[in-house]
Student: 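Before I ask anything, here is the structure I am working with.
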Amino acid sequence: MEIERETRKRLDKIINDSLPDFDALCRNVIQGQVEIALKKAQSSGKLPEFEIPDIPVSIPKLPVHGDFTYPAMRLSRLAKKNPLIIAETIKNNMPRSVFVDEMEIIPPGFLNFFSDSGHFAELEKRILVGWVDVIIDDFEQLLPLYIGEDKQAQVEFVSANPSGPITIGHTRNAVVGDAMARLLEAAGYTVQREYYYNNAGNQMIVLGKSLMLRYLQQLGDAIDFPDDYYQGDYLVEVAADLARQHGDGLRDSDWQRFKDVAETRMFAWINRSLAAIDIKHDDFYNETSLFESRKIWRVLDALRANGHIYESSHREGADAAEVADTKEKAYQPATWFRSTTFGDEKDRVMVKSDGAPTYTLPDIAYHCDKLKRGFDVAVNVLGADHFSQAAVVKYGLRALKLNPDPIHVIFIQMVRAVRRNKESGEHEAIKQSKRAGDFDTLDDLVAMTSADAVRYHMLARSPNSQLDFDVDQVVKQTNENPVYYIQNAYVRCAGIFREAEERGFDDDGADLNLLDAVELKFIRKSLELGNVIEQAVTNYEPHKIAFFAHELAAIFHPIYDQARVLHSEVPPGVAKARLRFYRAAAVVFHRILRLMGMTTPERM
RNA sequence: GCUCCAGUAGCUCAGUGGAUAGAGCAUUGGUUUCCUAAACCAAGUGUCGCAGGUUCGAGUCCUGCCUGGAGCGCCA
């Protein structure tokens, strides 16, 4: 009697606590009942005393294994008994339940629960039917907004230096970063999208000088253009514009002037390219500002004050050969950061012997500033080639007695554009070249495919897998692309709404109990979006959303075929219910497509 | 040489320590008087790189090896 009352109390509490998640509700109820059964068995001496671990009840992949399952074999060590006997003991002590009519034990120790009498199905249907209107009215409330409530997040991504167009590699970074930002927003965070770029280093000087020479060429000067300068045609175009605007008026200007022009022009281009795939940064943070504010020198001073800096013509712990090498190169003393203190394999130069800092110092200063801005989460999307650099920055932050934990780096593995060789059938990398028909910029990709295709394909793989972006697949097989498969689900809903309006048919007074199991299956799957977002955010895995979107579309399309709305054989009541269902489905797809940064066309 | 990532169907890739490893593409056959067929239905496909180990249970965790990629500068 006591146990029955305990069950009831617990059931009530759980229903109140986990109403937004029906699966969790059922699993928690049954898990609670299993725990009660275990306690009962322990108090009657059937099982030895041990603390009952938190082993979740789950839903089996295969329906033949029941509606729910409990892996009793995980108790075998604690109970020092055969898993099958433990399962049997639980079975014999289970309280009555509206969810469970039958139990079955299957080796190596699964206790499977069946709900044959339909109680479970009935309750499930009632709850799912209720969700349809909730989804239509306010799908937001089904998202895990509590995760980032009152929290600030930053995503730093792209961060390509303004020395040329956005390449395929940058594109992957951009798509992953922006999707991460959108997911963080869906989890309730206030998100800032930041772009950090190095415009103080040698790269930009070379860019300025490259443009200067191109300009002089435009004026007709015979100039030998060095191999290690920027070769791209785009600088020739900029130079031509300058020549048109200024004639030879800039002949005596120095590289600095040209650098500024090039930087401005490149950024305009980069932003235009990113805007084409619906990506926009809130903030651009440049390296130069760290010099102007003298922040980098203050950081260096702080490192020095903490005892992590030394001056030497070679690193501490260098072997004889390395020392000899530095002597041979006649290095003057440089300023070193003793990063080995924090686990680095070797110390790093902060300021070169010529007095110029390496990239590392401003990087540390930048991240120091970032931490001080107080973000709860700061995601940094970087190419895998920055692996060591990112580690050194974290060592630097520790040396400054800062906690680098809010910073999380998503490393993006290499991406290359490939196409199939017609003769050999092998995939071949497309060379980085500007020849017609070759793809190596974001602009090219968008022009040949579409913004949506680029976003989907770049997102739909784990960031730490190398990616071969198969141009032929994306371009030629456009009609059988997952991109359109997903979007078509939304388009089909829109088509129904158009037709319904034309016919003057609406869903007023719809009785959703007339919906079939397939529609409710879709609703049930939709409710998993919250879990997907939570998982994507907490594990920094934005690609999860792309796979979820495809799974959802795969459930949707068969329903569209079966569950017609405006069809002569469909009774009006059922049609109303279905129309209401498709309104919910449209909301779900709209939400997911926007989370991926894709468009939501009404027609295709 | 050291560090990191990857190796899963013909191809491109998913895969919270759970039961019979999944999608898409490609291949084969079928489906449309009525919301657009970029769809639906049906069919086949595996030494999860190799070898050990931990575990009641390993594609998943640990160790070693093989293969591919990236990083290891007073480069940016």
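Quick note on labels: first sequence line is chain A, next is B, and so on, each numbered from 1.
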Student: Can a side chain N or O of A:Arg564 be found less than 4.0 Å away from OP1 or OP2 on B:C35?
Tutor: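 Answer yes for this pair, as a side-chain N or O of A:Arg564 is under 4.0 Å from OP1 or OP2.
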Student: Give a yes or no on whether a donor-acceptor pair under 3.5 Å exists between the nucleobase atoms of B:A19, that is its base, and the side chain of A:Asn112.
Tutor: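 Flag set: donor-acceptor pair detected.
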Student: For B:C35 and A:Arg503 - does any side-chain N or O of the residue sit under 4.0 Å from the phosphate oxygens OP1/OP2?
Tutor: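 Indeed not, no polar side-chain atom of A:Arg503 lies that close.
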Student: When you measure from the side chain of A:Gln413, which nucleotide among B:A19, B:C5, B:C74 comes out closest?
Tutor: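 The listed nucleotide nearest to A:Gln413's side chain is B:C5.
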Student: When you measure from the side-chain N and O atoms of A:Arg492 to the phosphate of B:A37, is any distance below 4.0 Å, counting only OP1 and OP2?
Tutor: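 A:Arg492 to B:A37 OP1/OP2: side-chain N or O found under 4.0 Å.
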Student: Hydrogens and angles aside, do A:Ser462 and A:Asn464 bring a side-chain donor and acceptor to less than 3.5 Å of each other?
Tutor: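 Yes, because at least one side-chain N or O of A:Ser462 sits under 3.5 Å from a partner of the opposite role on A:Asn464.
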Student: Can you tell me the Watson-Crick or wobble partner of B:C75, both distances under 3.5 angstrom?
Tutor: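 No nucleotide pairs with B:C75.
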Student: Taking the C1' atom of each, how far is B:G52 from B:A9, in whole Å?
Tutor: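 Their C1' atoms lie roughly 27 Å apart.
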Student: Would you classify A:Ser353 as touching base, sugar-phosphate or nothing, given that sugar-phosphate means primed atoms plus P, OP1 and OP2, and contacts are heavy atoms under 4.0 Å?
Tutor: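 Base, at least one base atom sits under 4.0 Å.
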Student: Name the closest nucleotide to the A:Met73 side chain, picking from B:A19, B:A70, B:C56.
Tutor: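 Closest nucleotide to the A:Met73 side chain: B:C56.
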Student: Between the base of B:A6 and the side chain of A:Ser462, is there a donor-acceptor distance below 3.5 Å?
Tutor: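 No such pair is found, so the answer is no.
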Student: Within the 4.0 Å heavy-atom criterion, would you say A:Gln332 contacts the bases, only the backbone, or no part of the nucleic acid?
Tutor: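 Base: the residue A:Gln332, judged by heavy atoms under 4.0 Å, touches a nucleobase.
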Student: If you check every side-chain atom of A:Asp561, which of B:C40, B:U16, B:U12 has the closest atom?
Tutor: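 Ranking B:C40, B:U16, B:U12 by closest atom to the A:Asp561 side chain puts B:C40 first.
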Student: Identify which nucleotide among B:C35, B:G18, B:C72 has an atom closest to any side-chain atom of A:Pro71, counting heavy atoms from C-beta outward.
Tutor: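 Nearest listed nucleotide: B:G18.
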Student: Identify whether any heavy atom of A:Gln203 sits under 4.0 Å from a base atom; if not, whether one sits that close to sugar-phosphate; answer base, sugar-phosphate or nothing.
Tutor: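 Contact class for A:Gln203: sugar-phosphate only.
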Student: Determine the contact category for A:Ser313: base if any of its heavy atoms lies under 4.0 Å from a base atom, sugar-phosphate if only primed atoms, P, OP1 or OP2 are that close, otherwise nothing.
Tutor: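 Base: the residue A:Ser313, judged by heavy atoms under 4.0 Å, touches a nucleobase.
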Student: Will you find, in the side chains of A:Gln389 and A:Asp363, an N or O donor that is under 3.5 Å from an N or O acceptor?
Tutor: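 Short answer, yes.
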Student: Of the nucleotides B:A76, B:C74, B:A14, which one has an atom closest to the side chain of A:Ala334?
Tutor: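 Looking only at side-chain atoms, A:Ala334 lies closest to B:C74.
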Student: Would you say whether A:Tyr484 stacks on B:A38? The test is a distance between ring centres of less than 5.5 Å and an angle between planes of less than 30°.
Tutor: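 Stacking is present between B:A38 and A:Tyr484, given that their ring centres fall under 5.5 Å apart and the planes under 30°.
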Student: Whether A:Tyr485 contacts B:C40 is assessed here as follows: a side-chain N or O lying under 4.0 Å from the phosphate OP1 or OP2. Is that the case?
Tutor: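 Yes, because at least one side-chain N or O of A:Tyr485 sits under 4.0 Å from OP1 or OP2 of B:C40.
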Student: Flag the pair A:Pro362 / A:Tyr196 as yes when at least one side-chain heavy-atom distance between them is below 4.5 Å, and no otherwise.
Tutor: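 With C-beta onward as the side chain, the pair touches.
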Student: Does the side chain of A:Lys81 get closer than 4.0 angstrom to OP1 or OP2 of B:C56 through an N or O atom?
Tutor: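 For B:C56, neither OP1 nor OP2 has a side-chain N or O of A:Lys81 closer than 4.0 Å.
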Student: Please determine whether a side-chain nitrogen or oxygen atom of A:Lys346 lies at a distance below 4.0 Å from atom OP1 or OP2 of B:G71.
Tutor: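 No.
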Student: Return yes if a side-chain donor-acceptor contact under 3.5 Å exists between A:His314 and A:Asp325, otherwise no.
Tutor: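 Side chains of A:His314 and A:Asp325: no pair found under 3.5 Å.
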Student: With a non-hydrogen cut-off below 4.0 angstrom, is A:Tyr359 in contact with a base, only sugar-phosphate, or nothing?
Tutor: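 Result for A:Tyr359 = base.
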Student: Regarding A:Gly109, tell me which of base, sugar-phosphate or nothing describes its non-hydrogen contacts under 4.0 Å with the strands shown.
Tutor: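 Counting heavy atoms under 4.0 Å across all strands, no contact is made by A:Gly109.
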Student: Looking at A:Ser568 and B:C34, is any side-chain donor or acceptor paired with a base atom of the opposite kind under 3.5 Å?
Tutor: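 When only heavy-atom distances are counted, A:Ser568 does reach the base of B:C34 through a donor-acceptor pair under 3.5 Å.
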Student: Do A:Leu529 and A:Phe548 have side chains that approach each other closer than 4.5 Å (heavy atoms only, starting at C-beta)?
Tutor: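 With C-beta onward as the side chain, the pair touches.
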Student: Please determine whether a side-chain nitrogen or oxygen atom of A:His550 lies at a distance below 4.0 Å from atom OP1 or OP2 of B:C13.
Tutor: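 No, outside the criterion.
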Student: Within the structure shown, what part of the strands sits under 4.0 Å from A:Pro108 by heavy-atom distance: base, sugar-phosphate, or nothing?
Tutor: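 The answer is base, as A:Pro108 lies within the cut-off (heavy atoms under 4.0 Å) of a base atom.
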Student: In whole Å, what is the span from the CD atom of A:Glu322 to the C1' atom of B:G73?
Tutor: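 One finds 10 Å between C1' of B:G73 and CD of A:Glu322, rounded.
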Student: Under 4.0 Å, heavy atoms only, any strand: does A:His543 hit a base, just the sugar-phosphate, or nothing?
Tutor: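 Sugar-phosphate contact only - A:His543 comes under 4.0 Å of backbone atoms but never of a base.
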Student: Given B:A70, B:C75, B:C56, identify the nucleotide with an atom nearest to the side chain of A:Arg77.
Tutor: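 Among B:A70, B:C75, B:C56, the one nearest the side chain of A:Arg77 is B:C56.
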Student: Just compare B:C13, B:C56, B:U36 and give me whichever is closest to any side-chain atom of A:Arg498.
Tutor: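 Output: B:U36.
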Student: Does any N or O donor sit under 3.5 Å from an N or O acceptor when you compare the side chain of A:His567 with the base of B:C34?
Tutor: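 Indeed there is one.
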Student: Hey, can you tell me if A:Tyr582 and A:Phe556 have their rings parallel, tilted or perpendicular (30° and 60° cut-offs)?
Tutor: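 Correct class here is perpendicular.
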Student: Does a side chain donor of either A:Glu345 or A:Ser339 reach within less than 3.5 Å of an acceptor in the other side chain?
Tutor: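 Absent: no donor and acceptor within the cut-off.
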Student: Hey, does A:Leu467 reach any base, or is it just sugar-phosphate, or nothing, if we go heavy atoms under 4.0 Å?
Tutor: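 The residue A:Leu467 makes sugar-phosphate contact but no base contact.
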Student: Which part of the nucleic acid does A:Glu551 contact within heavy-atom distance under 4.0 Å: base, sugar-phosphate only, or nothing?
Tutor: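 Here A:Glu551 touches no strand at all.
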Student: Taking only the side-chain heavy atoms of A:Gln535 (C-beta and beyond), determine which of B:U16, B:C40, B:A76 contains the nearest atom.
Tutor: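 Nearest to the side chain of A:Gln535 among the choices is B:U16.
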Student: Could you check whether A:His65 gets within reach of a base, just the sugar-phosphate, or nothing at all, counting any heavy atom under 4.0 Å?
Tutor: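 It contacts base atoms.
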Student: Touch check for A:Tyr560, heavy atoms < 4.0 angstrom, all strands: base, sugar-phosphate only, or nothing?
Tutor: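 If one applies the 4.0 Å heavy-atom cut-off, A:Tyr560 turns out to touch a base.
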